A.B. asks: 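My questions will all concern the structure given below.
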Amino acid sequence: MAIGGVALVLSVGLLAAPAAYGATKEPGFLQPSDLPGSVDLAGEPRVETIVNQFAIDADACTQTFEADEAALNFIGIQFTVPGPEQPPVTALSQVVISYPDTNAARAAFKHRTATARAGVACGSVDNVVTAGVPPSSIVYDEVKFPKIANGSYAVARSPGDPAEAAVAVEFVSGPYVVILNTAGNGEGPTVKQLKAIARTAEKRLRGKG
């Protein structure tokens with residue numbers, strides 16, 4: 001399971017039925033009413049105990065995957081835009097990664113932001129995550145974003161066309177790292193809207209929403 005990629009695909013085990021979603025408190029998640037326009041929660045919250053993350057070689061400007069050994073698990077949800085004549089389209093994904101304590105979460109967040117900054121410094125990286133498959137090129141751009149909770153960072157990733165950029169916002173709060181990921185398909189919230197959504201996500205995480 002890759003976290004924070006150009007497209008986030010949640011293909012992991014079942015955590016809870018839809019009826020239990022609204023009662024989720026630890027950690028708290030966004031709800032459809034927190035997002036602009038008309039969106040639906042796609043299926044159930046899902047959990048995975050193995051967390052993989054991008055690793056960027058700042059000298060070679062290559063991107064691979066590595067396991068986040070400190071993470072306990074992550075829970076992810078997706079929101080979709082309904083369409084009358086087509087399947088629902090992903091608008092936004094939210095992932096909450098849990099760590100043993102606040103210090104572990106902050107250390108993990110520091111590592112993740114350093115990796116993202118390496119991508120921005122490279123400008124373009126070769127994605128070499130699949131053996132035997134030619135690497136694809138991914139363009140990284142930093143996105144200006146306000147501080148959320150104990151720290152936040154945003155980055156845009158695209159195959160080269162800025163119009164297809166997927167924006168990932170990450171922030172750390174307590175023993176959690178939260179990732180909000182647009183799909184890069186034009187259906188997700190704008191960066192301006194993400195600023196308000198991220199603040200709401202942090203409040204719900206703390207049970208204040």
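Index from 1, following the sequence. Keep in mind that what you see is a predicted model, and the values were worked out from it rather than measured.
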A.B. asks: What is the distance from atom OG1 of Thr90 to atom CD of Glu187, rounded to the nearest 0.5 Å?
C.D. replies: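 Interatomic distance, Thr90 OG1 to Glu187 CD, rounded to 0.5 Å: 10.0 Å.
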A.B. asks: Rounded to the nearest 0.5 Å, what separation is found between the CD atom of Glu164 and the CG atom of Asn185?
C.D. replies: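 The CD atom of Glu164 sits 10.0 Å away from the CG atom of Asn185.
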A.B. asks: Hydrophobic clustering (ILVMFWY, side-chain heavy atoms < 4.5 Å, transitive) - are Val139 and Tyr153 grouped together?
C.D. replies: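 The answer is no; the residues belong to distinct hydrophobic clusters.
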A.B. asks: Sorted by first residue and then second, give each side-chain hydrogen bond (donor to acceptor under 3.5 Å, both in side chains) pair with at least one member in residues 119-128; sequence neighbours left out.
C.D. replies: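 Passing the test, one end in residues 119-128: Gln63-Asn127, Ser124-Ser137.
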A.B. asks: Out of curiosity, Glu48 CD to Ile75 CD1, how far, rounded to the nearest 0.5 Å?
C.D. replies: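 The CD atom of Glu48 sits 11.5 Å away from the CD1 atom of Ile75.
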A.B. asks: Does one hydrophobic cluster hold both Val167 and Val89, with members joined at side-chain heavy-atom distances below 4.5 Å?
C.D. replies: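 No, because Val167 and Val89 fall into different hydrophobic clusters, even though each may have its own neighbours under 4.5 Å.
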A.B. asks: To the nearest 0.5 Å, tell me how far Leu92 CG sits from Gln193 CD.
C.D. replies: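 Atom-to-atom, Leu92:CG and Gln193:CD are 10.5 Å apart.
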A.B. asks: Please tell me whether Phe54 and Val95 are part of a single hydrophobic cluster in this structure, the criterion being side-chain heavy atoms less than 4.5 Å apart.
C.D. replies: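 Yes; Val95 is reachable from Phe54 via cluster members.
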A.B. asks: Is any side-chain heavy atom of Pro159 closer than 4.5 Å to one of Ser136?
C.D. replies: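 No; the side chains remain at least 4.5 Å from each other.
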A.B. asks: Tell me whether Val96 is reachable from Ile77 by hopping between hydrophobic residues (I, L, V, M, F, W, Y) whose side-chain heavy atoms are closer than 4.5 Å.
C.D. replies: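 Looking at the clustering, Val96 is in the same group as Ile77.
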A.B. asks: Grab the two heavy atoms, one from Phe145 and one from Ser152, that are nearest each other, plus how far apart they are.
C.D. replies: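 Nearest heavy atoms, Phe145 then Ser152: CD2-OG, 4.2 Å.
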A.B. asks: To check you understand the geometry: which heavy-atom pair defines the closest contact between Val143 and Ala156, and what is its length?
C.D. replies: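 So the minimum-distance heavy-atom pair works out to CG2-N, 3.7 Å.
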A.B. asks: In chain order, what residues pass the side chain to side chain donor-acceptor pair (under 3.5 Å) check against Glu66, with sequence neighbours excluded?
C.D. replies: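 Expected list: Gln53, His111.
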A.B. asks: Taking all heavy atoms of Pro32 and all of Phe79, pick out the closest pair and write down the distance.
C.D. replies: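 Smallest heavy-atom distance, with atoms named: N-CE2, 3.6 Å.
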A.B. asks: Under 4.0 Å between a side-chain nitrogen and a carboxylate oxygen: does that hold for Arg46 and Glu44?
C.D. replies: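 Between Glu44 and Arg46 there is a salt bridge, with a charged N closer than 4.0 Å to a carboxylate O.
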A.B. asks: Val169 and Ala198: which non-hydrogen atoms are nearest, and at how many Å?
C.D. replies: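 Closest heavy-atom pair between Val169 and Ala198: CG1-CB, 4.4 Å.
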A.B. asks: Rounded to the nearest 0.5 Å, what separation is found between the CG atom of Asp101 and the CG atom of Leu72?
C.D. replies: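 It comes to 9.0 Å.
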A.B. asks: Check for a donor-acceptor pair, side chain of Asp68 on one end and backbone N or O of Ala70 on the other, with a separation under 3.5 Å.
C.D. replies: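 Looks like yes, one N/O pair under 3.5 Å.
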A.B. asks: Using a 4.5 Å cut-off on heavy atoms from C-beta on, say whether the side chain of Val155 contacts that of Glu142.
C.D. replies: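 No; the side chains remain at least 4.5 Å from each other.
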A.B. asks: Quick one: are the ring centres of Tyr99 and Tyr176 less than 6.0 Å apart?
C.D. replies: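 So the answer is no for these two rings.
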A.B. asks: Using every non-hydrogen atom in the two residues, find where Ala105 and Val177 come nearest and quote the distance to one decimal.
C.D. replies: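 Taking Ala105 first and Val177 second, the nearest heavy atoms are O-CG2, 3.7 Å.
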A.B. asks: Are Ile197 and Pro36 side-chain neighbours, meaning at least one heavy-atom pair lies under 4.5 Å?
C.D. replies: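 Ile197 vs Pro36: side chains touch.
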A.B. asks: Taking all atoms of both residues into account, what is the closest heavy-atom pair of Pro189 and Ala91, and its distance?
C.D. replies: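 Heavy atoms only, the tightest pair is CD-O, 3.7 Å.
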A.B. asks: Do the side chains of Val81 and Val191 join up, straight or via other hydrophobic residues, at under 4.5 Å, putting them in one cluster?
C.D. replies: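 The answer is yes; both residues are in one hydrophobic cluster.
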A.B. asks: Within a strict 4.5 Å, meaning less than it, do heavy atoms of the Ile56 and Tyr140 side chains meet?
C.D. replies: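 With C-beta onward as the side chain, the pair touches.
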A.B. asks: Do Val172 and Arg112 have side-chain heavy atoms sitting under 4.5 Å apart?
C.D. replies: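 No; the side chains remain at least 4.5 Å from each other.
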A.B. asks: Report the distance from atom OG1 of Thr80 to atom CG of Leu35, rounding to the nearest 0.5 Å.
C.D. replies: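 Separation between the atoms: 10.5 Å.
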